[in-house]
Amino acid sequence: MSEDKRRHFIEEAIEADLAAGRFDRVQTRFPPEPNGYLHIGHAKAFSIDFEMAAKYGGHCNLRFDDTNPTREETEYVDAIKEDIRWLGYDWDDRCFYASDYFEQLYRWAEQLVEAGRAYVCDLTPDEVREHRGTLTGPGRNSPYRDRPVAENLDLFRRMRAGEFPDGARTLRAKIDMAAPNLNMRDPVMYRILRAYHHRTRDEWCIYPTYDWAHGQSDSIERVTHSLCSLEFEDHRPLYEWFIRELGIFPSRQIEFARLNLTHTVMSKRRLRELVEGGYVAGWDDPRMPTLCGLRRRGYTPEAIRDFLKRVGVAKSDSVIDIALLEHCLREDLNRRATRVMAVLRPLKVVIENWPEDHIEELEAVNNPEDPAAGTRRVPFGRELYIEADDYREEPPPKYFRLAPGREVRLKHAYFIRCERAVRDEAGNVVELRCSYDPATRGGEAPAGRRVKGTLHWVSARHAVPFTVRLYDHLFVTPDPDEAPDGDWKTNLNPRSLERLEGCRAEAGLAQAAAGDRFQFLRHGYFCVDRDSRPGAPVFNRAVALRDTWAKVQAGRVG
RNA sequence: UGGGGCGUCGUCUAAUGGCAGGACCCAGGAUUUUGGAUCCUGGUGUGAAGGUUCGAAUCCUUCCGCCCCAGCCA
């Protein structure tokens, strides 16, 4: 109730604009550059864009910011669309490209030249930098700053016509080389660049810069609220300068803090380095914070959206504990995932007092959180597999599982007692000989009897073998930059992926399709990977169950 | 030494001059046919110092700390 009244600062700004009549509707946009895959930080951005539009009855456009042909490709356009849709957002027929506006942008540039507010500059990149001045000192005017309008116009047209080599000249806004805000020191609007553009092909040899293209694109689309991240705050005066000089629709830019997560990196540059350096298997490696990586890992769109909602919207730099993301996934999957018994490190168990070929079918609940999920039947026989970790020759204190002479419950089945362990020549335990109690069918404890431990198991004869990939944090430290040698890559977690073969699961899992998610009882949530083959499924662990026993043990060791 | 931002439990985030609350996390406990889930309890927080006020996280002053900006990237 009071929840509904809580507004973050962008909502307050939008409502104030509406109330003041600055705008009479809300239009936003998500402007990705098609030069890489979207990560969860982008998801925060576009969920704000789409949610704000939806909340105030407006629309959100998808607009590719494709002003730099040297690094943009169609491949990324498709991937970006897929990821946004996967999260549940839709731009209907409003998918645009900054390159759609190149002609209009060019005409507006001529207009600024004619108005004496832009000029063609012949300075080299090095000279431009030198003239720009420093953070504390003013810059110097370019010697070309006072070229007559006619000359500027002529030169600019010839730039477009391809008469000059790449980088030879630029078109610059004529603002103020002494401005304390560096962005106002005659920013470049156009550079000469002969590169194949993914949409306009080789139609252009001059390309607009971000500053020149972005605000004008917003204005063309009549975007009311142009929401972006904090580092563009310094650009807002320039954003507004162009719009004012042109006298076009006055979009309003509002900045918010981008999303950061512990135990991972979020910059495109670093993610690319991980991929190209072979530190991960690709952009969709389940350890990556990319949306395709999270999807492959087993994350649900619902969990991610819930996470984004909890993270909030503010202007202070923040780093969210990745545990919150994991919590959101567990909460979602706990409610929805079908439970199944799967043994990751099998240890054979022979029930000595169970008839040789007798098989009994026992009823198992599919999801205790959801009665509608129903039940299934699981076969029980003389030979089973349990988790190797569920047996200890010398059990530590508070160990509730199997040990010589101890009794436990096999989930949905019977109580069993460990009679003795069978060893191989090296002395390793390779098999447990146990007895079962017929009076405990279904796992029911006869009056007055209790067991502390309940184990999962599978029938050896019926189990399907599978492979599993256990994922952990990509970096061992919360902040990868906290490296003694200054290289964030030294904090890469050497155990971020553990691959296990020869796991055994209930037979039903053989039919699972890529993307299906399950809870492996007592282990965690797992997702079928696309690398699965018929009869040989591969599972990715999306997130482990909370494990208080593991915590107790870790505390004992540390 | 310039400009633009930001400082509330360990981490995020509320409060809009009137009891500093929630979530995650952590620590206990209850319960449990998942050491899961659920429930309960607890956890030295308003960067600092002054000022205004009956009353300040909130308003004023000064200071301190952190982030961003010197691409023809976005």
Side-chain angles (χ1 to χ4, degrees), chain A residues 2-3 6 8 12 31-33 35 65 67-68 70-72 121 123-125 128-130 132-139 166-172 179-185 187-193 206-207 209-211 213-214 228-237 255 257 262 268 307 310-328 330-331 334-335 339 341 364-365 368-369 398-401 409-413 415 440 442-445 451-456 478 519-524 544-553:
Chain A
S2 60
E3 192 82 19
R6 258 154 68 158
H8 55 66
E12 285 175 353
E33 183 186 11
N35 72 340
D65 222 330
T67 57
N68 185 352
T70 61
R71 39 186 236 174
E72 293 153 5
C121 180
L123 257 24
T124 66
V128 168
R129 189 181 323 118
E130 189 205 321
R132 186 155 29 229
T134 66
L135 291 179
T136 52
D166 284 8
R169 295 184 218 260
T170 56
L171 184 75
R172 296 226 257 161
N181 180 344
L182 268 43
N183 293 119
M184 301 301 273
R185 320 242 261 228
V188 170
M189 296 167 63
Y190 277 98
R191 68 272 207 182
I192 302 174
L193 188 60
I206 58 172
Y207 288 94
T209 56
Y210 165 85
D211 284 310
H214 200 94
C228 63
S229 45
L230 252 26
E231 68 268 27
F232 293 103
E233 224 154 6
D234 284 346
H235 294 248
R236 193 171 65 229
E255 313 84 9
T262 61
K268 237 180 235 184
F307 168 74
R310 294 183 193 225
V311 157
V313 180
K315 289 195 73 157
S316 56
D317 293 311
S318 59
V319 184
I320 310 294
D321 193 336
I322 200 164
L324 179 60
L325 215 210
E326 295 168 345
H327 167 83
C328 292
R330 284 195 197 98
E331 194 171 82
N334 173 52
R335 218 172 44 232
R339 269 63 167 174
M341 294 196 286
V365 170
E369 305 293 321
K398 298 270 186 65
Y399 187 81
F400 305 148
R401 309 174 188 180
R409 168 189 294 115
L410 292 183
K411 180 89 176 171
H412 309 307
F415 286 13
T440 58
E444 220 78 55
V451 290
K452 280 288 253 181
T454 300
L455 312 186
H456 61 279
Q519 184 198 93
F520 288 0
L521 236 53
R522 302 209 298 141
H523 280 304
L545 248 22
R546 278 184 57 216
D547 188 347
T548 52
W549 170 243
K551 219 169 271 176
V552 167
Q553 286 202 302

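Chain A is the first sequence line, chain B the second, and so forth, proteins listed ahead of strands; every chain is numbered from 1.
- Not one N or O on the side chain of R169(A) forms a donor-acceptor pair closer than 3.5 Å with the backbone of I192(A).
- With C69(B), C25(B), A74(B) as the candidates, the nucleotide lying closest to the side chain of E33(A) is A74(B).
- A37(B) makes up no base pair with any nucleotide shown, lacking Watson-Crick or G-U wobble contacts both under 3.5 Å.
- Considering only the side chain of I320(A), C12(B) comes nearest among C12(B), U34(B), C73(B).
- Contact between the side-chain N/O atoms of R310(A) and the OP1/OP2 oxygens of C12(B) is not found at any separation under 4.0 Å.
- Distance CZ (R330(A)) to P (C24(B)): 12 Å, rounded to an integer number of Å.
- C26(B) and G42(B) make up a base pair, with Watson-Crick or G-U wobble contacts both under 3.5 Å.
- To the nearest whole angstrom, the two C1' atoms, one in A57(B) and one in C19(B), are 14 Å apart.
- Nucleic acid contact for H523(A): none, since no nucleic acid atom lies under 4.0 Å from a heavy atom of the residue.
- Nearest to the side-chain atoms of L324(A) among the listed nucleotides G36(B), A23(B), C72(B) stands A23(B).
- With both ends at atom P, the span from G17(B) to G51(B) equals 23 Å, rounded to whole Å.
- Counting only heavy atoms from C-beta on, L135(A) has its side chain closest to A70(B) among A74(B), C24(B), A70(B).
- The residue S318(A) sits close only to the backbone: its heavy atoms come under 4.0 Å of sugar-phosphate atoms, none of a base.
- Comparing A74(B), C24(B), U34(B) by their nearest atom to the side chain of N68(A) picks out A74(B).
- For R546(A) and C25(B), the shortest distance from a side-chain N or O to OP1 or OP2 is not below 4.0 Å.
- Without hydrogens or angle criteria, S229(A) side chain to E231(A) main chain gives no donor-acceptor distance under 3.5 Å.
- A stacking contact links W549(A) to G35(B): the aromatic ring centre lies within less than 5.5 Å of the base's six-membered ring centre, and the planes differ by less than 30°.
- A straight line from CG of L545(A) to P of A37(B) spans 6 Å, rounded to a whole angstrom.
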Intermediate values then yes/no, side chain to side chain donor-acceptor pair (under 3.5 Å), T209(A) and D211(A): CA-CA 6 Å; T209(A) 56; D211(A) 284 310; 5.4 Å; no
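- Atom CE of M189(A) and atom P of A74(B) are 13 Å apart (whole Å).
- The separation between D317(A) atom CG and G4(B) atom C1' is 13 Å, rounded to whole Å.
- When rounded to the nearest whole Å, the span between CG of D234(A) and C1' of A74(B) equals 14 Å.
- Side-chain atoms of H8(A) lie closest to A14(B) of the nucleotides A14(B), A74(B), C12(B).
- Contacts of P237(A) with the nucleic acid, taken as non-hydrogen atoms under 4.0 Å apart, are absent.
- Formation of a donor-acceptor pair under 3.5 Å by the T170(A) side chain with backbone atoms of R191(A) is not found in this model.
- Regarding contacts with the backbone of C24(B), a side-chain N or O of H327(A) is found under 4.0 angstrom from either OP1 or OP2.
- Between G36(B), A70(B), U16(B), one nucleotide has an atom nearer to the side chain of T548(A) than all others, and that is G36(B).
- G71(B): no Watson-Crick or G-U partner with both key distances under 3.5 Å is found in any strand.
- No engagement by G312(A) is indicated, since no non-hydrogen atom pair under 4.0 Å with the nucleic acid exists.
- Rounded to whole Å, the separation between the C1' atoms of C67(B) and U32(B) comes to 48 Å.
- At A74(B), one or more side-chain N or O atoms of T67(A) fall inside 4.0 Å of OP1 or OP2 (strictly under the cut-off).
- For the pair N181(A) (side chain) and D234(A) (backbone), a donor-acceptor distance under 3.5 Å is present.
- Taking the centre of each ring, H214(A) and H235(A) stay at or above the 6.0 Å mark.
- An OP1 or OP2 oxygen of A74(B) is reached within less than 4.0 angstrom by a side-chain nitrogen or oxygen of R191(A).
- Using a 4.0 Å heavy-atom distance criterion, R71(A) is classed as a base contact.
- Contact annotation for L123(A): base contact, defined as any heavy-atom pair under 4.0 Å involving a base atom.
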Test log, rule salt bridge (Lys or Arg N to Asp or Glu O under 4.0 Å), inputs R310(A) and E331(A): CA-CA 13 Å; R310(A) 294 183 193 225; E331(A) 194 171 82; 2.8 Å; yes
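- Base pairing annotation: U53(B) forms no Watson-Crick or G-U wobble pair, as no partner gives both donor-acceptor distances under 3.5 Å.
- Distances shown here put every side-chain N or O of S316(A) at or beyond 4.0 Å from the OP1 or OP2 atom of C67(B).
- Distance CD (Q519(A)) to C1' (G36(B)): 6 Å, rounded to an integer number of Å.
- Contact of E369(A) with G36(B) (side chain to base): a donor-acceptor pair of N or O atoms is detected under 3.5 Å.
- Between R185(A) and G71(B) there is no side-chain polar atom (N or O) within less than 4.0 angstrom of OP1 or OP2.
- Among U34(B), G5(B), A74(B), the nucleotide with an atom closest to any side-chain atom of T209(A) is A74(B).
- Remark: G7(B) base-pairs with C64(B); criterion is Watson-Crick or G-U wobble with both hydrogen-bond distances under 3.5 Å.
- Remark: the backbone N or O of G443(A) is not paired with any side-chain donor or acceptor of T440(A) at under 3.5 angstrom.
- Along RNA chain B, the nucleotide nearest N183(A) and the nucleotide nearest F400(A) are compared for position; the residue whose nucleotide lies closer to the 5' end is F400(A).
- Sequence order on RNA chain B of the closest nucleotides to E444(A) and D65(A) puts E444(A) first from the 5' end.
- Pairing partner, A15(B): none, since no Watson-Crick or wobble contact has both distances short of 3.5 Å.
- The phosphate of C73(B) has neither OP1 nor OP2 within less than 4.0 Å of any side-chain N or O from K268(A).
- Within the nucleic acid shown, R522(A) comes within 4.0 Å of at least one base atom, counting heavy atoms only.
- At least one donor-acceptor pair under 3.5 Å links the side chain of D547(A) to the backbone N or O of A550(A).
- Within 4.0 Å (heavy atoms only), H214(A) reaches no atom of the nucleic acid at all.
- Contacts of K315(A) with the nucleic acid, taken as non-hydrogen atoms under 4.0 Å apart, involve only primed sugar atoms and P, OP1 or OP2.
- Here G36(B) is the nucleotide among G36(B), G21(B), C12(B) with the atom lying nearest to any side-chain atom of R339(A).
- Ranking C73(B), U34(B), G71(B) by closeness to the T454(A) side chain, first place goes to U34(B).
- Following rounding to the nearest Å, K452(A) (NZ) and G36(B) (C1') show an atom-to-atom distance of 15 Å.
- A550(A) comes within contact range of no nucleotide atom at all, as no heavy-atom separation falls under 4.0 Å.
- Residue E326(A) contributes atom CD, which lies 9 Å from atom P of C25(B) at whole-angstrom precision.
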